[in-house]
Amino acid sequence: MPLWQWLLDIAGGLLVLVLLYGLGLVVRRRVIARSGGTFELSHRVRTSHPGRGWLLGVGRYSDERLEWFRIFSLSPRPKRTWVRDELTYVGRRDPEGPEQVSLFPDHVVISCRAADGDIELAMSPATLTGFQAWLEARPPGAEMPGSRGTRP
């Protein structure tokens, strides 16, 4: 078999692998969205360099948890999970410098305090409104962050 046929077979095999990967991403997104709608949510995993360390992903509310999935992963499990009772909204800001290119268009960066430290997330302003409502919609009898737990 001539060399060009081997190269053509290898190129065809790589093309099939890329198409299967793309199909796997679509199927995974549908499976994730089946048990609750998903939304674009980026997470800053490294804070050592200003404006860097962002990973694109999707978020999903699942009972009392916010789950974050990497966008280009085939894993059906969330990469990070935050419990609503341990999450406090701190503030928001516009993306700066390299963040403007790293994040989805029109997203804002929010700061939150979690049980394991401060985190930064990026989401659209409409999603931020839903996120704030989700944080405030704690079950009856749950203690709000910052409250002392005293009764009148």
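Each residue takes its place number in the sequence, starting with 1.
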Ring centres of Phe72 and Tyr21 under 6.0 Å apart?
-> no
Under 4.0 Å between a Lys/Arg side-chain N and an Asp/Glu carboxylate O for Glu136 and Arg84?
-> no
Near Arg70 CZ, under 6.0 Å, is it more than 12 heavy atoms from other residues, nucleotides or ligands?
-> no
Which atom names give the shortest non-hydrogen contact between Asp63 and Trp134, and what distance separates them?
-> O-NE1, 3.8 Å
Test item: Glu67 and Ile32 side chains (from C-beta on) under 4.5 Å apart, heavy atoms = no
More than 12 foreign heavy atoms under 6.0 Å from CZ of Arg93: is that the case here?
-> yes
Hey, is the main chain of Pro125 close enough, under 3.5 Å, to the side chain of Thr129 for a donor-acceptor pair?
-> yes
Heavy-atom closest contact (Thr81 atom, Arg65 atom, distance) | CG2-CD, 3.4 Å
Shared ILVMFWY cluster between Trp54 and Leu56, side chains joined below 4.5 angstrom?
-> no
Please name the pair of heavy atoms, one in Phe131 and one in Met123, separated by the smallest distance, quoted to 0.1 Å.
-> CB-SD, 3.9 Å
Before giving the answer on salt bridge (Lys or Arg N to Asp or Glu O under 4.0 Å), spell out for Glu120 and Arg92 the whole-Å C-alpha distance, their side-chain angles and the decisive distance to 0.1 Å.
-> CA-CA 9 Å; Glu120 283 188 314; Arg92 74 179 260 185; over 6 Å; no
With hydrophobic residues grouped by side-chain heavy-atom distances under 4.5 Å, do Ile110 and Leu103 end up in a single group?
-> no
Are the side chain of Arg44 and the backbone of Leu55 linked by a donor-acceptor contact shorter than 3.5 Å?
-> no
Same cluster for Leu66 and Leu135 if Ile/Leu/Val/Met/Phe/Trp/Tyr side chains link at under 4.5 Å?
-> yes
Side-chain heavy atoms under 4.5 angstrom apart, residues restricted to Ile, Leu, Val, Met, Phe, Trp, Tyr: same cluster for Leu7 and Leu15?
-> no
Determine whether the aromatic ring centres of Trp82 and His43 lie less than 6.0 Å apart.
-> yes
Would you check if Leu41 and Val58 make a side-chain contact, meaning some heavy-atom pair closer than 4.5 Å?
-> no
Verify, without hydrogens or angle tests, whether Glu86 (side chain) and Val83 (backbone) share a donor-acceptor contact under 3.5 angstrom.
-> no
Co-membership, hydrophobic cluster, residues Val109 and Leu128, 4.5 Å side-chain | no
For the residue pair Arg60 and Phe39, what are the closest heavy atoms and their distance?
-> N-CE2, 3.8 Å
Assess whether atom CG of Asp116 is packed by more than 12 heavy atoms of other residues, nucleotides or ligands within 6.0 Å.
-> yes
Verify whether one side chain among Arg29 and Thr38 offers a donor that lies under 3.5 Å from an acceptor in the other.
-> yes
From CA spacing to verdict: side chain to side chain contact (heavy atoms under 4.5 Å, CB included), Phe104, Ser124 = CA-CA 8 Å; Phe104 290 110; Ser124 71; over 6 Å; no
Given Phe69 and Arg28, is the side chain to side chain contact (heavy atoms under 4.5 Å, CB included) satisfied, shown in steps?
-> CA-CA 10 Å; Phe69 301 83; Arg28 173 185 169 260; 3.2 Å; yes
Could you tell me the separation between the CG atom of Leu20 and the CG atom of Leu74, rounded to the nearest 0.5 Å?
-> 10.5 Å
Evaluate the criterion side chain to side chain contact (heavy atoms under 4.5 Å, CB included) for residue pair Ile119 and Leu121; output intermediate values, then yes/no.
-> CA-CA 7 Å; Ile119 61 170; Leu121 303 171; 4.2 Å; yes
